[in-house]
Number of protein chains: 2
Amino acid sequence: MARRARPHGEQGGELESLVARVKHLIIFGRLKPRERLIEDELCLQFQAPRHLVRAAFVKLEHLGLVTRRPNKGAIVRDFSVEEVEEIYEMRAMLQAEAVSRMALPLPDEIMQQLAAIHAAYGEAIARQDLGLVCTLNNDFHRTIFAACGNRYLAKLIEALWTESLAVRCYAIGDPVLLARAQRDHARMLAALRKCDRKALVREAVEHIWPALHAYKRAHGGWDEPIAAAPAPERLRPARRSTRRG
Amino acid sequence: MARRARPHGEQGGELESLVARVKHLIIFGRLKPRERLIEDELCLQFQAPRHLVRAAFVKLEHLGLVTRRPNKGAIVRDFSVEEVEEIYEMRAMLQAEAVSRMALPLPDEIMQQLAAIHAAYGEAIARQDLGLVCTLNNDFHRTIFAACGNRYLAKLIEALWTESLAVRCYAIGDPVLLARAQRDHARMLAALRKCDRKALVREAVEHIWPALHAYKRAHGGWDEPIAAAPAPERLRPARRSTRRG
DNA sequence: GTACGGAAGATTGTCAACAATCCGGTCATT
DNA sequence: AATGACCGGATTGTTGACAATCTTCCGTAC
C-alpha cells in the first residue's frame, strides 16, 4: 500500500478546495464583478495545474459566480439589479414552500444540529470571524432546508443561495445586518420548536430581504425611483405580486 | 484570412452539439440507465477529441443525465422512484407558480410562436417523427414558461424538465400519451387565449403526470405494492453491450 | 470446490508543449 | 491630425503522450 501522501487521484477534493477558495475571493470582494480571472495567475497563486483551474472555472460558471466567454476567459459575474430581484423572488417563494411542506416537529437530531450551528454562529459573529460566519450561515440554511422532505427543493434553494453569495457579500461585513441575521435565525429556531408554521414561513421569507436591500443600496439606491426612470424594460410586466402574499 | 473551414474556435458549438447528441442517445433509450459512457468509444463514434467528450460529460452531469465517479467514468444516471416523484412534485409546484404569475394576456408574438410550435407538433406526431416531437415539445414548454416574467423561475423549470428527460423517454413512444400531450397543449393554448388562469394552472400541473405514471409502470409497477420485487439487474456489471454489436 | 492474490488489459486522470485567438500599441497613409 | 493596417505580447484552447487507477481473469493454496 505504501500510503503515498496524495499520489494522483483525490482530484475531486483538490478541485473542490480550489473552487471554494476562488469562491471566497469572490464573496469577500477580493475579486470584484467583471474582474478577469486569469488562468496562469490563479495557477501561480494556488499552486494548481492549469487544467484544474479551468475545471474550477467551469464549476464556478455553473454555480453562477463567474461568466466564461470563448477565447476571452472568465470574469466574475455581475448581476443586473433585475436579475438580483428575480433571484430573491425565487428564494422567497422556494423557501416559503420548503418550510410549508416541512414535517413538524423536526427530528431531534436536526434540531440539535441547528442549535449547535446557531450557537457557533453567534460566537463567530462576536469574534468577527467572517469566514466562519459565512460557513456557519451556509450550514444553518442548508440544514434547515434539507429537512423539507424533497431533496430537489433543497437543491434548488441551495443553488440560488450559492448564486446570491456574490450579492450577499455586501451584507457580510455589516454588524447591524449580522445581528439581525442572528436574531432571525433564533426566531426560526423558536418557531420550529413551537411548531408554529406560520411564524416559520414568515421568518424564512422575511429573513432574506435585508441582504437584497444592502445590495441595492450599495448600487446607488437604484431601488428608489430616481429622477429619470429610463423605462427600458417595457417587456417585463408581470413582476408585481400575483402571488398570494 | 483564407477562411479555413472550422479552424480552431467554435468549441462552444461543437460541445453543445456533442452534448445534444449524447442527450438524444439517452432520451431515446439507446443508452440505458447505469450503462457506461466510455470516452474513447464516443470519441470514435462522434469523431470528437477526448477533452471535448469529457467536457460533454461534465455538462451532462450538471444537467443531471449522467453520473461521474472518480476513476470510474461516467454512467447514464438512473433515478430511484422517490427521486422521480420528488422531481415531479417540484415541476408541478414550479409550473403552477409560473403560470400563476404570468402576465395575461401574453404578447401576441409569444402566442403566435406557441401556436406555430403546436401546429408543427401535431404534424410531427402524425408523421411519427419522434426526434422532432421531442424538440417541439421542448420548445413549447420553454416558450410558455419563459413568459412567466422571472428568468430564474423559467431556468429552474427548464432544468427540471431536462433532468426528467430520461424519465419521459418511457412516454415518448406511446401514441396514447402523445395524443394526450397534444390535447393538453391545445387546452393550455385555449386557456391562454381566454386568460383563464385557473384552467391554465390546472392544465400546466395535470399535464405532467402521465409521463410519471408511464415511468412507474415501466418500472414494474413499483408504485404498487408488488409481492416480490424481482430487482432484476441491481448489480448489473453494465459491461455487456457497451458497444453496438 | 471455493477463496485469496496478483498480473494484464482497459479506462480514466494529469501534464506540459503547441496552436489559435484576442488586445493594445505603433506606424504608415491620407 | 485622423484613420486604418499590422505586428507583438498576453491569454486561452487543443493535442497527444504518460501515469495512475480500476476491473477482470486466471492461477494457486487450502
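Naming convention: chains lettered A, B, ... in sequence-line order (proteins, then strands); numbering from 1 in each chain.
- Per the geometry, CZ belonging to B/Arg54 stands 14 Å off P belonging to D/dT14, to the nearest Å.
- The CD1-C1' distance, from B/Ile75 to D/dT23, rounds to 15 Å in whole Å.
- Sequence neighbours left out, the pairs with a member in residues 58-78 of chain B that pass ring pair (Phe, Tyr, Trp, His ring centres under 6.0 Å) are A/His62-B/His62.
- For the pair B/His51 and D/dG13, the criterion of a side-chain N or O lying under 4.0 Å from OP1 or OP2 is not met.
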Please list, one pair per line, the donor and acceptor atoms closer than 3.5 Å that link side chains of residues 22-30 of chain A to other protein atoms, with sequence neighbours excluded.
none

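- For the pair B/Leu42 CG and C/dT12 C1', the interatomic distance rounds to 13 Å; values are reported in whole Å.
- Residues meeting the salt bridge (Lys or Arg N to Asp or Glu O under 4.0 Å) test with A/Arg68, sequence neighbours left out: A/Glu61.
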Please list, one pair per line, the donor and acceptor atoms closer than 3.5 Å that link side chains of residues 42-55 of chain A to other protein atoms, with sequence neighbours excluded.
from: A/Arg50; atom 1: NE; to: A/Glu39; atom 2: OE1; distance (Å): 3.4
from: A/Arg54; atom 1: NE; to: A/Glu39; atom 2: OE2; distance (Å): 3.2
from: A/Arg54; atom 1: NH2; to: A/Glu39; atom 2: OE1; distance (Å): 3.0
from: A/Arg54; atom 1: NH2; to: A/Glu39; atom 2: OE2; distance (Å): 3.3

Using the 3.5 Å cut-off, write out each protein N or O paired with an N or O of nucleotides 8-11 of chain D and the distance between them.
from: D/dT11; atom 1: O3'; to: A/Arg36; atom 2: NH2; distance (Å): 3.4

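- With rounding to whole Å, A/Glu14 atom CD is found 13 Å from C/dC15 atom C1'.
- A cation-pi geometry, defined here as NZ or CZ lying under 6.0 Å from the six-membered ring centre and within 45° of its normal, does not hold between A/Arg91 and A/Trp209.
- Remark: C1' of C/dT21 and CZ of A/Arg68 are 16 Å apart, rounded to the nearest angstrom.
- By the salt bridge (Lys or Arg N to Asp or Glu O under 4.0 Å) test, A/Glu35 is found to be paired with no residue, residues two or more places apart in sequence or in another chain being considered.
- Nucleotide D/dT14 holds its P atom 6 Å from the CG atom of B/Leu52, rounded to whole Å.
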